[in-house]
Trainee: 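Quick one: the structure is below, and I'll ask about it shortly.
Heavy-atom basis, side chains included; hydrogens, waters and symmetry copies ignored. Note that this is a predicted model, so its numbers are computed, not measured.
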Amino acid sequence: MKRLAAVVALLGLATVTACSGGTEDKPAAGGSGGGGGLYTTIDANKPSLDVNGPINPWSPKGNAFWGYNAMRIAWSKNHLTDPNQFYPGIAASWEIAPDNSSITLHLQPDNKWSDGKPVTAEDVKFSIALAYTQGSTAFAIDPGAAGAASEVEVVDDKTVKISQDMKNPSVTFVRGVMDSFIVPQHVWSSVLPADFWDKLKAARGDGADAESARAEITALSEKVLAFAPPKDVSAGPFALERMNPGEALLVKNKNFYNAANVGPDQVKMLNSTGNEQIWNYLIAGKLDSAPFTAVPADVMKRIGATPGNAVVKGFSPVSLGLAFNQAKKPYDNVHVRRGLAYLINRDEVTTIASPEGGTPAVTTTGIHQKPAAEWLGAELGELEPYKLDPAKAEEEFKKAGLKKEGGKWTLPDGTPWKFTINVPTPFSDWVSGAKAVTSQLTAAGVDAEVLTVADYPLYLKEIAEGKYDVGFWLIALGPAPYNIYQRLYGASNGWAILGGKVKHAEAGKGGNWMGGPETIEVDGTKVNPGELTAKLNSAAEDEQKTIVGQLAKAANQDLPVIQLWDYVNTQFVNTNHFTGFPENDSDLLRQPAGVWIQLGMVKKK
C-alpha cells in the first residue's frame, strides 16, 4: 500500500483542530461489536495522518482524502490501454472531441457543497486556475508531457468546455483534466488575484511582461499550498469533522448529489506507519476495507481467520524493477546488468517478498505483463526471458571484464565489487525482496548487501541525488503508454518534455540519476528511447504499438532495470457491517473505497 501511496502521492491542506479521544461510535468489525453506520479504513494516498495539515488537496501534508472529502472531475478506470475511461465525479458526463482537442464537462445537476451552496461551473474554472499555479498535468503555462489547456470556457452554470493547445497535443490531455481537484471558490477566493486569467494570458507571451506574469503565477504556488480553510467545505460524500494523531473522522455530506445511496454515515481513517500496522488492524478486525497491502503468507492466514475478512484481487498497473545508476561502475556496462539478471531467480524472490501481491515478471519489457500481452502480442514471447542461468551470467560478467578470484567476483582491476541495494524500511516486501536478491547473488560469488532508508520521501530524494548504485523503482505505470515508459526513459533517465520539445540532461543533472545512454541499438538501428517515449504522447494508436514494441526490445536488451515482479492489487474487505464491495478484477479496485461509496455500491447490512 505504501508504494502506491508514493506513486500516486500527494496533497492536502487547512488546519484541522486536533482532538483528543476517539470517535466513540463504533468498536470494530469482526466480533468486537459495533454498528454499520461507521466505515473504518485507511487512505492509500495518505496513510500517515498529520493533524496540523490543512484541508487542501494540493498540499503534501493535507487532510483531503480522495473520494471522501476531496473530489476530482472524474475518476479514472485505469483501463489496460485506454486512458480516457472514467467514472463520474464532479462531472456527471462529458464529451471528448475526436482529436482530443477539447472536452466539455456537464456537472452533476444537483450537487452542493457541504455548506449548502451549489457546485458550479465557476468553481471548476476557479479550481483550474489554482491548478495552473501548481503547473499540474493539463494546466501548465509551458506545455509538458500532459499537454496544456489553451482555453477554459464557462458555457453555462453547469457546463465547462476546456480546449487543448494543439500546437503541442497530448493523448493524456483528457486524463490530466479529469484528474483535477475541485474546491469551492467562495472559500478559496482570497488565494488568487481577481486578474488571474489576464496574468495567465500575458504569461503565454514573450518579453519582459510575460516573464513578469510567469513569475507572479509561480509565486502563487506556495500561497495555494499553504492555504488552510477554517473548516472543511466538501463536494464529496463526506466532510472532515475532527481528527487526532491516530484517526480522522469524516461525516456524511447530506448535500452530496448521491447522498441517498451513500451507505456509511461516518468514515474513520486510521493512521498507519507501515504494512505491519495494517496487518495488525486487519487481524484485529478493525477495518471494513484496506487498500493494496503487501502481505506474507503466514500473515495472510491470520488475516483470513478473522470473522468477516475476505480478499479481493485485481489488476494493478505497477511493476517493481531493480534499477541501476549507470553513471556508476560497473553498472554502466550492459553485460554486468545482464549477468545480474541471469543470477536472479524472480520466482523465488516474488514468493518470498510478495506471494499474494505479485507475480514474477515474465521478463523485462517495462510493461506489466497483463497489458504487455495486449501491446506486444506474440513479440512478448520472442524477448530474452533472462531465466536463472549461472553459466550465462558468468559469460556476461567475463564480457564485462569482471574477474572471479577465490569464488568472489571483482572489478576488472581486481578491486572488490560491493553490490548494494537501497530500499525504504517501511516497505516490508521491498526489504524482503532485496534480501532475497542479495542472498542469491552472494551464493553466486557477488558480495551483496541491503541498506535501508528511513522512509520513502527520503528514499526518493536520495535516489534522485544519485546517491545509490542500485535501488528498487516502480515502473509500468499505465494505462497511457507514455506514462508506462516515462518511468524508464523520462526525467529520471535524462529526458523531459519542455515547451512541447524533448530535452536531454546529462547524467547527474536535471534529475537524471539513471544515467543511461542517449541512444541504443535495437535490431541494428540506433534509437533514442527518450524521444521514442515522447512520441507516444501524441502518436496515433497504430504508431503507438510500433513504438511500444521498439521500447520493449530496448528495455529487454539494455536492462536499465531488471523487472522483478508485477503487482496484483490485493485488497481486503470485511463483510460484518457492509456489503456491496467490488468483486475480483473490478476496475474500481484501482480507486479508493470512497469512490465505491460515492457511486452507491457499499451498503449497510
Side-chain angles (χ1 to χ4, degrees), residues 1-5 19-51 63 65 68 238 241-251 263-313 354-357 425-429 431-432 568-582 589 592-594 596-597 602-605:
M1 187 207 77
K2 285 269 197 172
R3 286 155 308 299
L4 290 187
C19 174
S20 62
T23 53
E24 300 176 354
D25 4 42
K26 176 188 132 185
S32 52
L38 177 64
Y39 189 96
T40 306
T41 187
I42 287 173
D43 184 7
N45 300 305
K46 193 171 165 36
S48 298
L49 302 178
D50 182 349
V51 296
N63 290 305
F65 303 99
Y68 299 92
F238 300 95
E241 176 77 9
R242 62 179 187 266
M243 63 187 301
N244 61 42
E247 61 190 46
L249 179 69
L250 298 99
V251 298
D265 298 320
Q266 299 175 318
V267 170
K268 185 197 293 181
M269 295 285 180
L270 299 185
N271 182 68
S272 167
T273 56
N275 289 340
E276 292 187 16
Q277 190 170 19
I278 299 173
W279 303 341
N280 291 333
Y281 286 149
L282 289 165
I283 291 168
K286 288 187 175 181
L287 299 176
D288 291 302
S289 69
F292 175 80
T293 307
V295 179
D298 59 327
V299 176
M300 183 65 89
K301 288 181 182 177
R302 295 172 63 195
I303 292 172
T306 299
N309 277 354
V311 174
V312 286
K313 294 186 177 185
S354 192
E356 301 291 341
T425 300
F427 296 1
S428 57
D429 56 335
V431 174
S432 298
V568 175
N569 191 348
T570 304
Q571 300 192 26
F572 301 87
V573 298
N574 186 293
T575 57
N576 284 348
H577 303 298
F578 293 95
T579 61
F581 297 104
L589 292 171
W596 316 341
I597 293 171
V602 178
K603 302 295 185 185
K604 299 176 190 174
K605 289 186 76 173

Trainee: Side chains of F427 and T425: closer than 4.5 Å at any heavy-atom pair?
Mentor: no
Trainee: Could you check whether any side-chain heavy atom of Q571 comes within less than 4.5 Å of a side-chain heavy atom of F581, counting everything from C-beta outward?
Mentor: no
Trainee: Heavy-atom distance under 4.5 Å between the side chains of E276 and V299, does that happen here?
Mentor: no
Trainee: Does S289 have any side chain to side chain donor-acceptor pair (under 3.5 Å) partners at least two apart in sequence or in another chain, and if so, which?
Mentor: Y39, T41
Trainee: If you compare all heavy atoms of K268 against all heavy atoms of L270, which two are closest, and at what distance to 0.1 Å?
Mentor: CD-CD2, 3.5 Å
Trainee: Who are the side chain to side chain donor-acceptor pair (under 3.5 Å) partners of N309, not counting sequence neighbours?
Mentor: N574
Trainee: So, taking the atom named CE in M269 and the one named CG in L287, what distance separates them when rounded to the nearest 0.5 Å?
Mentor: 11.0 Å
Trainee: Does D288 use its side chain to pair, donor to acceptor, with the backbone of H577 at less than 3.5 Å?
Mentor: no
Trainee: Would V295 and F572 count as a side chain to side chain contact (heavy atoms under 4.5 Å, CB included) if you check the C-alpha gap in whole Å, the side-chain angles of each, and the deciding distance to 0.1 Å?
Mentor: CA-CA 11 Å; V295 179; F572 301 87; 3.7 Å; yes
Trainee: Roughly how far, to the nearest 0.5 Å, is the OG1 atom of T293 from the CG atom of N275?
Mentor: 6.0 Å
Trainee: Do you know the tightest heavy-atom contact between L49 and A248?
Mentor: CD1-N, 3.7 Å
Trainee: Sequence neighbours left out, what pairs pass salt bridge (charged side-chain N to carboxylate O under 4.0 Å, His left out) with at least one residue falling in residues 301-313?
Mentor: K313-E356
Trainee: With sequence neighbours left out, write down each residue that passes side chain to side chain donor-acceptor pair (under 3.5 Å) with Q277, or none if nothing qualifies.
Mentor: T273, Y281
Trainee: With sequence neighbours excluded, what pairs up with P582 under the side-chain contact (heavy atoms from CB on, under 4.5 Å) test?
Mentor: S586, L588, L589, W596, M601
Trainee: Compare every heavy atom of L250 with every heavy atom of F65, then report the nearest pair and how far apart it is.
Mentor: CD1-CD2, 4.0 Å
Trainee: For a quick test of reading the model, state the closest non-hydrogen atom pair linking N45 to P592 and the distance between them.
Mentor: ND2-CG, 4.1 Å
Trainee: Apply side-chain contact (heavy atoms from CB on, under 4.5 Å) to T579 and list each qualifying residue two or more places apart in sequence or on a separate chain.
Mentor: K603, K605
Trainee: Could you report the tightest heavy-atom contact between D50 and N63, atom names first, then the distance?
Mentor: O-ND2, 2.9 Å
Trainee: Between V568 and F292, what is the shortest heavy-atom contact and its length?
Mentor: O-CE1, 2.8 Å
Trainee: Output the distance between atom CD1 (I303) and atom CG (D298), rounded to the nearest 0.5 Å.
Mentor: 9.5 Å
Trainee: CD1/I42 to CD/E247 distance, rounded to the nearest 0.5 angstrom?
Mentor: 11.5 Å
